[in-house]
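Okay, structure first, notes after.
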Amino acid sequence: MALLRMSARALERTSEATLSEQLTERSRSELFQEPSAGENRAWQNSLPALAQVLCDAGLDEVQVLIEYQMPLSSLRADAILAGTHPETGRPSYVVVELKQWSEARLVPDTKDLCLISGSGYRSFLHPVAQVRRYCDYLEDFTAVLNDAQHHVAGLAYLHNAQDRNVSDLLQLNDGRVHLFTRTSRGELIRHLQNQLSPLDGALDADALLDSPTTPAQQLMRAAADEILYGGKFHLMDEQQVAASLVKRAVAISRRSDTKEVIVVSGGPGSGKSLIALHLMSYLGRNRRNVFHATGSKSFTSTLRHVVGQKNARIANLFRYFLNFRTAEKNELDVLICDEAHRIRRRSGNQDSLNIHRSGRSQVEELIDAARVPVFLLDEHQVVRPDEMGSVKEIDEAAKARGCVVRHVNLDEQFRCGGSRAYEHWVRRLLGLEPGGPVPWEPEPNFELLVADTPQQMETYLHSRQAAGSTARMTAGFCWPWSDPRKDGSLVDDVVIGDWRRPWNVKGESDVPGGPRSSLWATEPAGIGQIGCIYTAQGFEYAWNGTILGQDLVWAGDRWRADPSVCKDSSLRHAEPHDFVRLTRNRYKVLLTRGLTGTVLYSTDNETQTMLRTLVPGRAAPQQ
């Protein structure tokens with residue numbers, strides 16, 4: 001999808017004010033967000049510069065796809081030029097990144113991170129590295145580009161910069177992606193003429209925009225290849241910035257007296273665990289002492305299982321936060337704390353005798369254990385009263401120990417079909433953002449439906465799985481969770497009218513016809529069990545069904561939380577304001593597990609009516 005599409009000639013003839021108005025309106029209607037002042041400046045300054053170059057090159061009929069959204073992602077390329085190649089006559093596409101930078105230099109001890117004038121200490125990905133990843137990503141996830149006869153190249157145009165003011169950036173060479181400045185404008189014109197012919201590019205633009213998307217690999221299924229062989233994941237934009245900052249900190253850690261802590265924040269599907277797996281692979285291959293830790297039994301057990309199928313020894317690198325309470329100071333080169341929102345206040349049970357108790361908080365133990373501690377978290381995924389993982393608390397603990405703290409915010413997301421609009425819709429729905437619930441506007445990247453009954457939801461999800469997708473059902477913790485019967489079978493605890501199903505298995509026991517708890521999200525038979533918050537958190541599947549229980553219901557014009565119906569003992573003694581906050585966070589996690597679609601159902605009549613009002617689509621079984 002592109003926010004705007006026009007020929008180079010039409011772009012050149014459109015006034016800056018009109019262009020900004022059109023893109024602003026499209027951003028509101030398609031992305032459900034107001035563009036920033038910086039985006040408006042970029043549209044008014046950079047796009048006319050690109051249009052003028054294209055027209056000077058005689059490429060008036062080339063199609064310009066402005067703010068092109070990457071498949072299964074909310075990342076957007078500034079523009080993609082669509083036309084035919086002057087030599088082969090085959091479709092040719094050029095990914096363009098436009099920068100208003102006038103001065104820039106490399107971050108010391110890195111090759112792909114930049115500092116720009118006026119940005120302070122914030123690091124930016126080198127434009128060539130950024131565009132190269134866009135090109136690779138497009139080819140990997142766009143069916144029409146799987147054909148090797150199609151030509152995909154890229155360029156970055158720093159139209160305000162002179163070569164002498166960005167000389168550091170010219171050192172990064174890439175045969176596929178080129179960097180141009182105001183100084184090299186003539187070279188840019190010749191380069192474009194070598195990539196695109198003057199012919200009308202309308203049909204080639206149609207082919208790209210209409211191309212089916214190849215679904216992204218599920219994280220757990222590709223984990224073993226990433227760890228063992230370097231994998232096939234592409235880190236994009238701020239993901240690569242985070243990885244490069246970690247690599248830089250590791251490189252200088254042995255020769256510096258200053259310890260760096262890297263904190264990476266991002267919503268569901270923004271690529272936090274992807275960064276963790278990439279770093280595990282890279283650092284392991286470079287003989288660095290690195291461990292991966294989480295506070296989630298299901299997540300860690302699944303990683304161990306998937307990786308251990310190919311190499312059991314590597315599975316030992318995946319641990320829990322509490323495993324590092326007795327580690328020597330700076331014993332590790334790197335400790336990657338994934339799902340860091342699940343960090344507890346203390347390691348171990350404070351009500352029992354613990355001979356290893358250090359007197360430190362768990363976050364202090366994790367910081368002390370490694371030369372470079374890395375924390376990846378989403379503050380809206382704190383789901384228990386004793387979980388304290390937050391950027392503020394990590395910052396305070398690190399700075400108290402004299403550490404330098406570097407932050408990266410992954411404001412892009414890859415789950416939910418790359419639908420930023422859906423995550424925004426969920427946050428508005430649950431009151432995690434101001435403004436109240438809003439109607440869902442159907443979009444091509446993600447499907448949202450309401451089921452009239454739990455049976456209808458289940459039938460629909462089974463039809464999706466039968467068609468080749470993965471599908472799971474989850475629910476709020478409003479029903480008891482029984483131990484298996486003596487014969488190993490599960491009790492149908494989740495009862496709604498005549499419909500009844502079991503929760504997922506407790507622990508790692510095997511039961512007839514169903515996977516153990518840690519494999520619920522990745523084994524096909526998991527669709528027959530209802531996942532709870534502790535099983536679903538950290539995982540993804542194509543289709544997600546969520547049952548909202550009586551613990552959070554819509555009453556009049558607001559949500560009402562009811563602790564009396566919650567069956568989770570960890571919330572039994574939560575303060576009322578904590579219960580409300582944690583319950584909303586739990587449903588936010590459950591509602592954002594799906595890659596391509598979500599089905600909703602509430603056991604409360606008023607809430608169900610509200611959902612039907614907001615969501616036009618219904619879950620009818622596929623024919």
Side-chain angles (χ1 to χ4, degrees), residues 1-70 74-83 93-102 118 127 130-131 134 154-161 180-182 185 188-189 192-193 195-210 411-412 418-421 424 438 441-445:
M1 180 187 76
L3 285 189
L4 205 59
R5 167 188 173 175
M6 59 180 65
S7 69
R9 184 196 299 115
L11 179 59
E12 196 269 338
R13 292 177 177 176
T14 303
S15 71
E16 297 170 5
T18 300
L19 193 59
S20 179
E21 289 173 4
Q22 291 178 343
L23 285 165
T24 296
E25 180 56 36
R26 291 285 291 171
S27 180
R28 290 168 179 161
S29 63
E30 297 295 332
L31 304 177
F32 300 94
Q33 64 184 37
E34 193 73 22
S36 67
E39 285 178 303
N40 270 297
R41 283 195 302 272
W43 292 336
Q44 293 183 37
N45 297 330
S46 297
L47 289 172
L50 174 63
Q52 189 61 59
V53 166
L54 288 168
C55 290
D56 288 351
L59 302 175
D60 303 51
E61 298 303 320
V62 162
Q63 291 285 298
V64 185
L65 308 179
I66 302 170
E67 296 290 344
Y68 182 89
Q69 184 172 327
M70 296 288 121
S74 62
L75 286 167
R76 286 176 284 149
D78 288 340
I80 292 183
L81 310 179
Y93 302 98
V94 180
V95 181
V96 179
E97 180 68 18
L98 300 166
K99 300 291 188 188
Q100 300 181 80
W101 303 352
S102 55
Q130 180 182 1
V131 176
Y134 285 176
L155 65 88
Y157 184 27
L158 282 59
H159 54 88
N160 289 333
F180 300 93
T181 68
R182 189 167 61 187
R185 187 176 186 275
L188 171 57
I189 289 174
L192 287 169
Q193 290 169 335
Q195 302 297 321
L196 296 159
S197 77
L199 298 177
D200 189 339
L203 293 179
D204 306 295
D206 289 344
L208 183 62
L209 292 170
D210 295 339
D411 58 357
E412 314 298 345
S419 173
R420 227 174 175 184
H424 174 70
V438 292
E441 296 291 339
E443 62 166 49
N445 293 330

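Numbers for residues simply follow the sequence, beginning at 1. Just so you know, these numbers come straight off a predicted model, no measurement behind them.
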I need the [X] [atom1] to [Y] [atom2] distance, nearest 0.5 Å.
X   : Y    : atom1 : atom2 : value
L47 : Q52  : CG    : CD    : 13.5 Å
Q69 : L209 : CD    : CG    : 11.5 Å
L98 : N45  : CG    : CG    : 11.0 Å
I80 : Y134 : CD1   : OH    : 10.0 Å
S15 : Q44  : OG    : CD    : 9.0 Å
S46 : I66  : OG    : CD1   : 11.5 Å

With heavy-atom distances below 4.5 Å as the criterion, would you say the side chains of [X] and [Y] are in contact?
X    : Y    : result
F180 : L155 : yes
T181 : H159 : no
E97  : K99  : yes

| Lys/Arg N to Asp/Glu carboxylate O, E39 vs R41, below 4.0 Å | no
Which atom pair, heavy atoms only, marks the closest approach of [X] to [Y]?
X    : Y    : result
V131 : G154 : CG1-CA, 3.6 Å
M6   : Q22  : CE-OE1, 4.0 Å
C55  : A8   : SG-O, 3.8 Å
W43  : L19  : O-CD2, 3.8 Å
P127 : L158 : CG-CD1, 4.4 Å
A82  : V62  : O-CG1, 3.6 Å

Taking the side chain from [X] and the backbone from [Y], do they hold a donor-acceptor pair closer than 3.5 Å?
X    : Y    : value
Q193 : A57  : yes
R26  : L3   : yes
N160 : Q100 : yes
T18  : T14  : no

| request: Let me see the working for L81 and Y93 under side-chain contact (heavy atoms from CB on, under 4.5 Å), right down to the final yes or no. | output: CA-CA 5 Å; L81 310 179; Y93 302 98; over 6 Å; no
| task | Return the set of residues passing salt bridge (charged side-chain N to carboxylate O under 4.0 Å, His left out) with E16 (not counting sequence neighbours), or none when no residue passes. | result | none
| Identified side chain to side chain contact (heavy atoms under 4.5 Å, CB included) counterpart of R5 within the set L11, V64, L65 | L65
| said: Apply side-chain contact (heavy atoms from CB on, under 4.5 Å) to residues V96 and D78 and explain how you reach the verdict. | reply: CA-CA 6 Å; V96 179; D78 288 340; 5.6 Å; no
| note | residues 51-62 vs salt bridge (Lys or Arg N to Asp or Glu O under 4.0 Å), sequence neighbours excluded, gives R9-E61, D56-R185
| task | Please check if any side-chain donor atom of T24 sits under 3.5 Å from a side-chain acceptor atom of S27, or the reverse. | result | no
| message | Assess the residue pair R76 and M70 against the criterion (side-chain contact (heavy atoms from CB on, under 4.5 Å)); give the C-alpha distance rounded to whole Å, side-chain angles, the decisive distance to 0.1 Å, and a yes or no. | response | CA-CA 6 Å; R76 286 176 284 149; M70 296 288 121; over 6 Å; no
